[in-house]
Amino acid sequence: MLNTIHYPATTASDLPPILIVHGLYGSARNWNVIARRLSERRDVLAVDMRNHGESPRFPTHSYPDMAADLAEVIGAHGGQADVIGHSMGGKASMMLALNHPGLVRRLVVADVAPVPYAHDQTQYITAMRGLDLAGLTTRGEADRRLAETVPEAPLRAFFLQSLDLKAEGGPRWRLNLDVLEAEMPKIVGWPDPAGQFEGPTLFLTGSDSHYVKPEYRPAIRALFPNAHFAKLPGAGHWLHADKPREFEQTLKVFLDA
């Protein structure tokens, strides 16, 4: 089963747990602050996706496989959840809702659509694989070395959260880079699933992001007829990092409705 961090609710609730599903190169730990704040009234579960973090390594990274992983987690924690997925995690969450609709009460898809994308993310695998890990003992030194190939400081900080400096045998990435590279066409793609999820679904996007275009709405409504749309002003693709408090408040309003 996927590595899962459980944040017990501060106040008891009759509602099912919230499941948080991170994006490509992320981890459950990236969502620690938001998960803790959401757990004031609900149990929260945050997972490391396959081939990420402390979860098992597999030779495949398809959305049906990721959806089955999430279904197993929900089955082990009561059989139903409100699901929040960002980017790759949003696509996996959509596939979960389409393949296992009874497991999902409400769905939040953060800044991604059920469409294939043309962009490729393998340049970051090349950068991570090219990082000289010899003698690394501090994150600051890792950041300095990674800056040679990744000039954007926020991206470096994000990637370096998946670098284990204290691993036995020396620093290592908590990512299965070989499989993620090989399966990249599936990750940026979309497998054109059948069926619909008729539960309440929120497509929450950043106003400065171009991942969810108006022309994608017919494809969204074909799969999610009860879709609602909202934008966070001043946020980009990493909307939960750009506007965390506004992101949380929007989630609470939708999930508690």
Side-chain angles (χ1 to χ4, degrees), residues 1-23 26-58 61-110 112 114 193-204 223-228 230 240 244 247-257:
M1 189 181 297
L2 298 181
N3 180 54
T4 305
I5 302 175
H6 179 210
Y7 302 82
T10 305
T11 304
S13 170
D14 293 332
L15 294 174
I18 296 171
L19 175 64
I20 298 176
V21 189
H22 68 76
S27 70
R29 298 193 305 170
N30 297 154
W31 289 79
N32 182 54
V33 174
I34 288 176
R36 288 192 182 282
R37 290 172 66 93
L38 291 177
S39 70
E40 291 172 1
R41 293 182 291 176
R42 305 274 297 275
D43 274 13
V44 176
L45 308 168
V47 294
D48 288 336
M49 296 297 279
R50 60 170 51 206
N51 299 312
H52 289 71
E54 303 303 325
S55 280
R57 277 30 183 166
F58 292 97
H61 204 83
S62 72
Y63 286 113
D65 287 341
M66 286 186 266
D69 294 341
L70 297 174
E72 184 180 26
V73 171
I74 294 174
H77 291 85
Q80 192 177 55
D82 286 348
V83 181
I84 303 165
H86 172 250
S87 200
M88 177 195 79
K91 283 189 169 182
S93 299
M94 286 189 281
M95 187 62 66
L96 167 72
L98 293 168
N99 288 355
H100 309 275
L103 300 182
V104 181
R105 191 188 74 112
R106 285 177 172 252
L107 174 65
V108 179
V109 181
V112 76
Q196 290 184 326
F197 175 68
E198 297 181 357
T201 305
L202 175 64
F203 283 81
L204 180 58
L223 296 173
F224 303 95
N226 197 9
H228 305 267
H240 58 292
F247 182 79
E248 292 162 13
Q249 186 58 36
T250 304
L251 295 182
K252 288 178 179 178
V253 170
F254 177 72
L255 297 179
D256 292 348

For Phe197 versus Leu107, what's the shortest heavy-atom pair and its separation? CE2-CB, 4.0 Å

Where is the tightest heavy-atom contact between His6 and Leu45, given as atom of each residue plus distance? CD2-CD2, 3.6 Å

For the pair Asp43 (side chain) and Pro16 (backbone), establish whether a donor and an acceptor sit closer than 3.5 Å, ignoring hydrogens and angles. no

Out of curiosity, Ser13 OG to Asp256 CG, how far, rounded to the nearest 0.5 Å? 7.5 Å

Phe224 side chain reached by Val109 side chain, heavy atoms, under 4.5 Å: no

Run the numbers on His86 and His22 for side-chain contact (heavy atoms from CB on, under 4.5 Å), then give the verdict. CA-CA 6 Å; His86 172 250; His22 68 76; over 6 Å; no

Asp48 backbone acceptor or donor facing Arg50 side chain under 3.5 Å: no

For Pro193 versus Leu98, what's the shortest heavy-atom pair and its separation? CG-CD1, 3.5 Å

Where the side chain of Ser93 meets the backbone of Gly89, is there a donor-acceptor pair that is under 3.5 Å apart? yes

Looking at Asn30 and Ser27, would you say the former's side chain and the latter's main chain have a donor-acceptor pair under 3.5 Å? yes

With Asp82, the salt bridge (charged side-chain N to carboxylate O under 4.0 Å, His left out) member among Arg42, Arg106, Arg41: Arg42

Answer whether the closest heavy-atom distance between the side chains of Leu70 and Leu103 falls below 4.5 Å. no

Separation between CZ (Arg105) and CG (Leu19), nearest 0.5 Å, reads 13.5 Å

So Phe254 and Val108, do their side chains get closer than 4.5 Å, heavy atoms only? yes

Between Ile5 and Ala28 the two heavy atoms that sit nearest each other are CD1-CB, 3.8 Å

Heavy-atom closest pair, residues Ala67 and Ala92: CB-O, 4.1 Å

Under the side-chain contact (heavy atoms from CB on, under 4.5 Å) rule, what do Arg29 and Glu54 come out as? Steps first, then yes or no, please. CA-CA 10 Å; Arg29 298 193 305 170; Glu54 303 303 325; over 6 Å; no

Atom CG in Leu251, atom CG in Leu202: separation rounded to 0.5 Å? 7.5 Å

Can you check side-chain contact (heavy atoms from CB on, under 4.5 Å) on Lys252 and Glu40, steps first, answer last? CA-CA 11 Å; Lys252 288 178 179 178; Glu40 291 172 1; 3.8 Å; yes

For the residue pair Met66 and Met49, establish whether any side-chain heavy-atom pair is separated by less than 4.5 Å. yes

Under a 3.5 Å distance rule, please check whether His228 uses its side chain to pair with a backbone N or O of Pro200 as donor and acceptor. no

Would you say the side-chain atoms of Thr11 pair up with the backbone N or O of Ala9, donor to acceptor, closer than 3.5 Å? no

Any Leu255 side-chain heavy atom under 4.5 Å of Leu38 side chain: no

Taking all atoms of both residues into account, what is the closest heavy-atom pair of Asn51 and Arg57, and its distance? OD1-CA, 3.4 Å

Taking side chain as C-beta onward, heavy atoms only, is Thr201 less than 4.5 Å from Asn226? no

Quick check: do Val83 and Ile74 have side-chain heavy atoms less than 4.5 Å from each other? yes

May I have the step-by-step check of side-chain contact (heavy atoms from CB on, under 4.5 Å) for Phe247 and Leu204, ending in yes or no? CA-CA 9 Å; Phe247 182 79; Leu204 180 58; 3.7 Å; yes

